[in-house]
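Model, not experiment: these values are computed from the prediction. Values below: every heavy atom of this structure, side chains too, minus hydrogens, waters and symmetry copies.
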Amino acid sequence: MFAKVFRALKPFSSPQQLEFLTQANPHWHAEKNWRGGIKLPGNKQLTRNKAITRLRPGQALLRIPLGTQDPSTVQVHIGQRVLKQQSLSRSDQVPWCHAPTSGHIVRVINGQNANGIPQLLVELQADGLDIGLPESTPQRPSREQLPQFLHEMGIVGMGGAGFSAGKKVSLLDDVRFLLINGVECEPYITADDRLMRERAMEIVRGLTQLAQIIQPRYIRIGIESNKPKAIQAMQLACQAASTAIDVVTVPTVYPAGSQQSLIKSLTNIQMQAGQHPNQHGILVLNVATLYAIGQALLYGQPLTHRVVTLTGDIQRPCNLEVPLGTTLSQLLHKVKPRNPQYRVWQGGPMMGSWQDDLSSVIGKTNSCIVIHSQAITPQAELPCIRCARCVDACPAQLQPVELYRAIQQQDQQRIQQHRLGACIECGACSSVCPSHIPLRDTFRQQKRR
C-alpha cells in the first residue's frame, strides 16, 4: 500500500506532505522515481568477496597530499620525527592532514591530486615502528563545536567530491534528513560494500554518536539492491542501535548514488538546478565518510587511511585499507599486473580517469584502481545523429548535446542557458552516445576552465 502512495506522490509541495510520507511507514524499498540513468555491468565479482586487508606501510616512502598550495599551513620541517596521527598541516581553509604512521619528514614538494589540481605533498619516510601519539579520551564535541572538530580531524567527503565534512555540517542548523550513501553504483568498486559488510556495527555506532549531536528528524541509509549482504549487515546493526535508522534498498541503476538521485529516492524531494541539500534541511554523507566521522567521535582518530578497491587484470584483486600518501607504484607491486603493458585507471570507469604517473598517490577521495592490460583506443567521434539518447540518460535533466555544441562554439550565454553547472559528470551521456562524442570530458574540462 505504501509503495503505491510513494509512486503517486509528486515532489513535496509542503512540510505537511513531507511529514505524511515519512510517518506513514519509513520502511520501504525505494523505487526508481528519478529520471534518466542507465544499466551497467557491475564487474564487481573480482573483489566482492575479498575481505578488507590493511596495508602496513613498513618502511615505505609516503607522499601525503595536503589539499593546499599554501606553505604556511605546513606544521613540520625536514628531518623532524613525527608520530602516527600527528598533524602535518593546519589550515583554516581546508581540513587538516595527519601522518598515517611514524617516521621522518624527508621534504615538502609541489605535486597534484588525481584530478591534476596542484597541491603540496609531505614526504614521510616511515620507520616501520608505527608509533602513535599518546592515547587520550576523546571529548565529544557539541553541535557548535562539531564543524571545527571534523575540520581538525581532516574529514572530507570520501565518495569523490572531497568537500569538507565540517563545512557541510555547518550549513545546517536544523537537520530534517540525515542520508547515508551506501549505493556505490560505479562498476568495479566494492570498497563501501565491504566496509558495510565487515564494519556495520562500527558504522552504526558512529552514526548514533553523530545523530545525538545534530539531532536529525529522520535517518536513512540507501544501499543498492545488488548488495544483499551489506543490506542485511546494516539492518542487523541498526536493529541493535538505540537510534531509529531506516535501511532503504535503492534500485541498481547508474547513477543512483549521485546526490540528486539519492535524495529523490530516499525523500522524494526533487533538487532543482542550483539548489543545495541544506536548503531542504538535508545532510548527505557517503558511508566511508560516516565511518571516518565515527572513528573520530568514538576514538579521537583523524582520517589517515581509506579502503581502496584494486581490480582488473591483476593477480591479486583486493580491497585494501591504505595509508594516505601510498603511491600507485607501491600498490601495483602488491597486486601484480598480469601484463607488463598495462594502464591504470584511477576511480570508477564512469567518473575516473587514466593515470600514467605511477608516483601519483592515494588521497582521501580515491576509492578504486582498475588495471587494464590492453591500451584502449578512443573511438573516432562521429557527427551527432540527434537520437536524444544522452537526453534520456541524463539524471540532471540536461540536454547534453546542445550543451556540447555551445561549448564547442564557446557561446557563454548558451552554456549558461543549458546549465553546465548542473552537470554531475556521471558520464551516462557519453556511455550511450552512438557517435562516441566525448560529452562528459568536454563538460568536465569546461567547468574547470
Side-chain angles (χ1 to χ4, degrees), residues 9-14 32-40 115-117 157 159-163 167-168 171 181 185-186 253-282 284 347-353 378-449:
L9 282 177
K10 296 178 180 179
F12 297 126
S13 58
S14 68
K32 185 178 180 295
N33 61 343
W34 44 275
R35 201 189 94 176
I38 54 178
K39 289 280 189 178
L40 292 172
N115 296 321
I117 299 174
F163 192 71
K167 180 69 172 176
K168 215 173 196 181
L171 294 174
N181 189 345
C185 56
E186 280 252 28
V253 181
Y254 180 83
S258 71
Q259 184 167 260
Q260 178 175 308
S261 302
L262 187 73
I263 289 173
K264 188 70 166 67
S265 293
L266 299 189
T267 71
N268 206 36
I269 294 174
Q270 179 65 62
M271 297 285 294
Q272 302 300 320
Q275 286 188 329
H276 295 279
N278 61 289
Q279 294 174 257
H280 295 276
I282 299 172
V284 184
M350 299 301 291
M351 300 185 73
S353 59
Q379 293 179 284
E381 179 181 342
L382 301 173
C384 173
I385 60 174
R386 309 295 292 178
C387 65
R389 292 183 190 177
C390 60
V391 178
D392 293 338
C394 180
Q397 302 181 31
L398 304 179
Q399 293 183 306
V401 71
E402 297 299 332
L403 180 56
Y404 177 77
R405 286 181 174 179
I407 292 173
Q408 292 296 96
Q409 298 167 5
Q410 281 300 294
D411 186 331
Q412 299 302 322
Q413 183 176 354
R414 287 178 56 217
I415 290 173
Q416 185 174 1
Q417 177 186 342
H418 288 293
R419 302 187 294 133
L420 173 66
C423 172
I424 62 173
E425 302 180 27
C426 68
C429 55
S430 300
S431 296
V432 300
C433 179
S435 296
H436 314 299
I437 299 173
L439 298 165
R440 192 282 308 265
D441 291 345
T442 301
F443 302 155
R444 176 179 285 178
Q445 292 164 9
Q446 180 66 26
K447 286 169 73 174
R448 288 178 184 158
R449 280 198 293 267

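- Looking at every heavy atom in both residues, Ser435 comes nearest to Cys384 through OG-CA, 4.1 Å.
- By the 4.5 Å heavy-atom criterion applied to side chains, Glu186 and Pro349 are counted as neighbours.
- Atoms CD and CG, from Gln270 and Asn33 in turn, are 8.5 Å apart once rounded to the nearest 0.5 Å.
- No donor-acceptor distance shorter than 3.5 angstrom exists from the side chain of Tyr254 to the backbone of Gly427, with no hydrogens or angles considered.
- For Arg444 (side chain) and Met351 (main-chain N/O), a donor-acceptor pair under 3.5 Å exists by modelled atom type.
- Under the 4.5 Å side-chain criterion, counting only non-hydrogen atoms from C-beta, Gln417 is not in contact with Glu402.
- Looking only at distances, no side-chain donor or acceptor of Glu425 sits under 3.5 Å from a matching main-chain atom of Phe443.
- The environment of Gln416 atom CD is sparse: at most 12 non-hydrogen atoms of other residues, nucleotides or ligands sit within 6.0 angstrom.
- Between the side chain of Gln260 and the backbone N or O of Pro395, at least one donor-acceptor pair lies under 3.5 Å.
- How far CD of Gln379 is from SG of Cys433: 10.5 Å, rounded to the nearest 0.5 Å.
- The backbone N or O of Ala406 sits nowhere less than 3.5 Å from a side-chain atom of Gln409 that would complete a donor-acceptor pair.
- Separating the SG atom in Cys394 from the CD1 atom in Ile38 is a distance of 11.0 Å, to the nearest 0.5 Å.
- Here the side chain of Lys168 pairs no donor or acceptor atom with the backbone of Gly157 at under 3.5 angstrom.
- Note that the CD1 atom of Ile282 and the CG atom of Leu171 stand 13.5 Å from one another [nearest 0.5 Å].
- In this structure the side chain of Leu420 reaches within 4.5 angstrom of the side chain of Ile407, judged on heavy atoms.
- Considering every non-hydrogen atom in both Ala256 and Trp34, the closest pair reads CA-CZ2, 3.6 Å.
- The side-chain heavy atoms of Met350 and Leu40, taken from C-beta on, include a pair separated by under 4.5 Å.
- In plain terms, the two heavy atoms of Gln397 and Arg35 that are nearest each other are CA-NH2, 3.6 Å.
- The shortest non-hydrogen separation linking Ser258 to Ile424 is CB-CD1, 3.5 Å.
- Using modelled atom types, one finds no donor on one side chain facing an acceptor on the other under 3.5 Å when comparing Arg405 with Gln408.
- Taking both residues in full, the closest heavy atoms of Leu398 and Arg419 are given as CD2-NH2, 3.3 Å, listed atom of the first, atom of the second, then distance.
- For the atom pair CD1 of Ile263 and CG of Asn268, the computed distance is 12.0 Å after rounding to the nearest 0.5 Å.
- Judged by distance alone, the side chain of Thr442 and the main-chain N or O of Tyr404 form no donor-acceptor pair under 3.5 Å.
- Side chain of Lys264 to main chain of Met271: no donor-acceptor pair is present (N/O by atom type, distance under 3.5 Å, no hydrogens or angles).
- Leu439 approaches Pro400 most closely through the heavy-atom pair CD2-O, 3.9 Å.
- Side-chain contact between Pro277 and Gln259 is present, with heavy atoms from C-beta onward closer than 4.5 Å.
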